[in-house]
Amino acid sequence: MSTQQATALAAERAGEAAPRTTARCAAADAERFVRELYAEHGTALLTYAARRLDHDWYRAQDLVQETAVRAWRHGPSLVLSPEGIRPWLFRVLRNLVIDEHRARAARPPVPHQLDDVVIPVGDDTDRVLTAQVVREALTDLTDQQREILHSMYFHGHSVDHVSDRLGIPHGTVKSRTYYAMRALKRALLARGVLG
């Protein structure tokens, strides 16, 4: 925290209105302080916190932000070691991580939250809707592709049976089935079902 920032805070606490230019300077100084702190120490602090929080990067970011806020609040009152502010930042972050572990131990996570509970419904709505979408997607296929899919998947015939019935080689049945399935997949993707 700069002397301008400290002056603005002291005037604010004393009930005096700080000049607008002083407030702007204080905000600019605070922003510069935080940017420099993140540029110089942010990555190391984030890595340290994430390792100690089982790679929970979101929680680690929160604790690093809290560390930056505390550094900004303590500004001029920080007694820096010869190494600079870094040891102080890591000590604060370490304490925040310990507090986080203690809080989690005191309040173990709830195994099932109500938002995540899926209550099964005893109707066939999903099956009916899926069947309707597949029927519509089948209209995008050629007659040959529909015939091979009906024989192989809807009637459950083997490759030998379809080969004999259509009078085509086994390899042709397999390749037509493959290309028909690809075409069906494209048709379902176009309808937003897969993806």
Side-chain angles (χ1 to χ4, degrees), residues 1-13 18 20-123 125-127 129-130 133-134 137 181-182 184-195:
M1 182 183 299
S2 68
T3 54
Q4 291 173 341
Q5 200 173 13
T7 306
L9 282 175
E12 191 175 296
R13 288 185 183 140
R20 204 170 259 199
T21 56
T22 305
R24 278 192 207 127
C25 290
D29 287 344
E31 185 177 334
R32 189 177 69 237
F33 173 78
V34 171
R35 283 183 192 275
E36 288 174 3
L37 185 131
Y38 269 95
E40 191 170 336
H41 308 289
T43 304
L45 291 169
L46 185 61
T47 304
Y48 174 86
R51 270 190 270 134
R52 276 140 188 86
L53 293 170
D54 297 323
H55 300 286
D56 183 351
W57 290 95
Y58 296 111
R59 193 65 197 130
Q61 288 172 346
D62 289 344
L63 295 184
V64 170
Q65 287 176 3
E66 178 62 26
T67 303
V69 167
R70 290 184 183 193
W72 175 75
R73 283 185 188 151
H74 285 86
S77 66
L78 282 176
V79 178
L80 299 179
S81 67
E83 296 88 27
I85 194 173
R86 195 174 190 120
W88 185 90
L89 292 170
F90 274 95
R91 187 171 54 248
V92 169
L93 183 59
R94 179 180 167 273
N95 291 341
L96 289 171
V97 169
I98 290 170
D99 291 345
E100 178 71 20
H101 284 296
R102 287 179 182 160
R104 285 186 183 182
R107 294 182 315 263
V110 179
H112 298 287
Q113 294 183 3
L114 291 178
D115 293 340
D116 297 337
V117 175
V118 176
I119 300 171
V121 179
D123 64 4
T125 306
D126 285 338
R127 187 184 59 76
L129 289 174
T130 302
V133 171
V134 170
M181 287 300 292
R182 279 185 51 187
L184 181 60
K185 182 178 180 180
R186 280 194 304 272
L188 290 172
L189 281 170
R191 286 169 173 77
V193 175
L194 301 175

When rounded to the nearest 0.5 angstrom, what is the spacing between [atom1] in [X] and [atom2] in [Y]?
X   : Y    : atom1 : atom2 : result
L93 : R86  : CG    : CZ    : 11.5 Å
R51 : L46  : CZ    : CG    : 10.5 Å
Q65 : L96  : CD    : CG    : 12.0 Å
T67 : L37  : OG1   : CG    : 9.0 Å
E40 : L45  : CD    : CG    : 10.5 Å
L53 : H101 : CG    : NE2   : 5.0 Å

Over 12 non-hydrogen atoms of neighbours within 6.0 angstrom of CZ in R59: yes
Worked check of side chain to side chain contact (heavy atoms under 4.5 Å, CB included) between R52 and I98: CA-CA 9 Å; R52 276 140 188 86; I98 290 170; over 6 Å; no
Close side-chain approach of [X] and [Y], heavy atoms under 4.5 Å:
X   : Y   : answer
Y48 : R94 : yes
V64 : L89 : no
W72 : E31 : no

Minimal non-hydrogen separation, A60 against A50, with atom names: CB-N, 3.6 Å
Evaluation steps, side chain to side chain contact (heavy atoms under 4.5 Å, CB included), between R70 and W88: CA-CA 10 Å; R70 290 184 183 193; W88 185 90; 4.2 Å; yes
Verdict with supporting geometry, K185 and M181, side chain to side chain contact (heavy atoms under 4.5 Å, CB included): CA-CA 6 Å; K185 182 178 180 180; M181 287 300 292; over 6 Å; no
